[in-house]
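To start, the structure under review is shown below, and the notes come after it.
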Amino acid sequence: MIILTLMSLVVLAFVFAVFFLIFKFIWLLCKKNTNKGPLIGAGICTLGCTVLLAFALYMGYRAVISPFEGIIANVKANPAPVYGERTYTDDKYPIALTVYDGMDFSKWITLGNIQLKAGIDTNAFKKDAAGKNPDDVFFSLLLRQADATGDPLEKVREELATAQANRKIEIADSAFTEINGLPAYQANGEAYSDRGKLNFWLTAVQAQPHTIYYVGALTLQNTPEIAEKAQSMTHSFKLVPAAN
């Protein structure tokens, strides 16, 4: 924190010096050999830049944190771990999933033509009866694409095959299937990054001709219990009657 504060002061001093030189040059052009005006001008401009930067940082913070405020509030309101199976019903689209333990989702986040929800087992932030946190963290993703063209499920298969050819993932199992009466494609395996390996389960469901939902689960471990929960969740997608 001290280093960050010192760096901020150095940046402010640099900005002030730049504005002072600009105003000093203008004063000299106006044949005024005084520092009072440039000092005042530089101070006002530096203050204005500081306020604008602070506002931009605040808005950026709000944009990132806002979708997760519900998860944060739920963790604070329910500090004890949650266990068991339940049905998660979306608050915007007529879809539902089977989720386990403390799984909770953010609000929808729009990124271009994709909408997504990030999910996490909130038990990761809680201690069990023995005072310990879980050894693994269960992440999930729910994506919605409303402008899919061609054969979207075949495109998913091709993209995963390309990722495997580039050694970004290793697919253990994949197949076209049907989930609750909807055409789907599922795959599971391992994904690789600079920070290590992740186990993944992914199901793409064609809810409408041009609307595709992706349900994904990510974990560090791949125990039979975790695999069963992940596969059950990613295969549980279903459409539900829209709320009136």
Side-chain angles (χ1 to χ4, degrees), residues 64 67-68 70-71 85-101 103-122 137-193 197-220 222 226-240 242:
V64 173
F68 300 94
I71 295 179
E85 172 186 321
R86 71 183 190 283
T87 299
Y88 174 84
T89 303
D90 189 66
D91 57 359
K92 185 175 182 180
Y93 298 108
I95 59 176
L97 298 171
T98 298
V99 298
Y100 294 88
D101 303 333
M103 178 59 65
D104 199 2
F105 288 88
S106 69
K107 296 294 184 182
W108 286 100
I109 302 169
T110 301
L111 298 173
N113 63 341
I114 297 290
Q115 291 177 287
L116 69 87
K117 277 188 166 186
I120 186 171
D121 183 352
T122 56
V137 181
F138 197 127
F139 296 97
S140 61
L141 284 173
L142 179 59
L143 285 80
R144 181 179 187 271
Q145 181 183 2
D147 61 350
T149 58
D151 187 343
L153 297 182
E154 174 61 22
K155 288 183 178 179
V156 174
R157 186 199 67 78
E158 292 175 354
E159 289 174 1
L160 290 176
T162 299
Q164 179 168 245
N166 293 333
R167 298 184 178 180
K168 295 180 179 179
I169 64 172
E170 183 66 34
I171 298 174
D173 180 60
S174 65
F176 289 98
T177 185
E178 186 176 283
I179 295 177
N180 290 318
L182 300 171
Y185 179 80
Q186 69 82 31
N188 65 273
E190 298 175 347
Y192 305 104
S193 69
K197 180 187 74 174
L198 284 173
N199 301 286
F200 76 89
W201 293 259
L202 174 68
T203 298
V205 182
Q206 190 169 4
Q208 295 175 356
H210 302 292
T211 302
I212 307 297
Y213 286 91
Y214 303 85
V215 185
L218 294 167
T219 65
L220 294 175
N222 188 11
I226 290 175
E228 182 179 357
K229 289 180 179 179
Q231 186 166 357
S232 177
M233 187 189 78
T234 55
H235 287 195
S236 67
F237 179 94
K238 63 181 178 180
L239 297 177
V240 296

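Since this is a predicted model, take the numbers as computed values, not measurements.
With values rounded to the nearest 0.5 angstrom, Q115 atom CD is found 11.0 Å from Q145 atom CD. Distance check, rounded to the nearest 0.5 Å: CD of E178 to CD of Q206 gives 11.5 Å. N188 CG to L202 CG: the interatomic distance, rounded to the nearest 0.5 Å, is 9.5 Å. A distance of 5.5 Å separates CG in L218 from CG in L198, rounded to the nearest 0.5 Å. Atom CG in D147 sits 10.0 Å away from atom CD1 in I212 (nearest 0.5 Å). Residue I179 holds its CD1 atom at 12.5 Å from OH of Y185, rounded to the nearest 0.5 Å.
Among residues two or more places apart in sequence or in another chain, the side chain to side chain donor-acceptor pair (under 3.5 Å) test is passed with D121 by none. With sequence neighbours excluded, no residue forms a side chain to side chain donor-acceptor pair (under 3.5 Å) with T177. Evaluation of the side chain to side chain donor-acceptor pair (under 3.5 Å) rule for D101 yields K229 as partners, not counting sequence neighbours. With sequence neighbours excluded, the residues forming a side chain to side chain donor-acceptor pair (under 3.5 Å) with Q186 are D173, listed by chain and number. Under the side-chain contact (heavy atoms from CB on, under 4.5 Å) criterion, L116 pairs with I109, L111, L143, not counting sequence neighbours.
Residues N222 and W201 are in side-chain contact: their nearest non-hydrogen atoms beyond the backbone lie under 4.5 Å apart. Residues Y88 and M233 form no side-chain contact, since every pair of their non-hydrogen atoms from C-beta on lies 4.5 Å or further apart. Considering only heavy atoms from C-beta on, F237 stays 4.5 Å or farther from T203 through its side chain. When side chains are defined from C-beta on, L160 does not count as touching S174, because their heavy atoms never get closer than 4.5 Å. D91 has its side chain within reach of K107: a pair of non-hydrogen atoms, C-beta onward, lies under 4.5 Å apart. Side-chain contact between I95 and L142 is present, with heavy atoms from C-beta onward closer than 4.5 Å. The side-chain heavy atoms of R86 and V99, taken from C-beta on, include a pair separated by under 4.5 Å. By the 4.5 Å heavy-atom criterion applied to side chains, F105 and L97 are counted as neighbours.
The shortest non-hydrogen separation linking P152 to A148 is CB-CB, 3.9 Å. A187 and F200 get closest at one heavy-atom pair: O-CE1, 4.0 Å. The nearest pair of heavy atoms linking N180 to S236 is ND2-O, 3.5 Å. Of all heavy-atom pairs spanning Y100 and S232, the tightest one is OH-OG, 2.7 Å. The shortest heavy-atom contact between M103 and S140 is SD-OG, 3.2 Å. The two residues L153 and A204 come nearest to each other via the heavy atoms CD2-O, 3.6 Å.
Taking the six-membered ring where tryptophan is involved, the planes of W108 and Y93 are perpendicular, since the angle between them exceeds 60° and thus also 30°.
Residue-environment remark: NZ (K238) stays at or below the threshold of 12 foreign heavy atoms within 6.0 Å.
The list of side chain to side chain donor-acceptor pair (under 3.5 Å) pairs with a residue in residues 157-172, not counting sequence neighbours, reads E154-R157.
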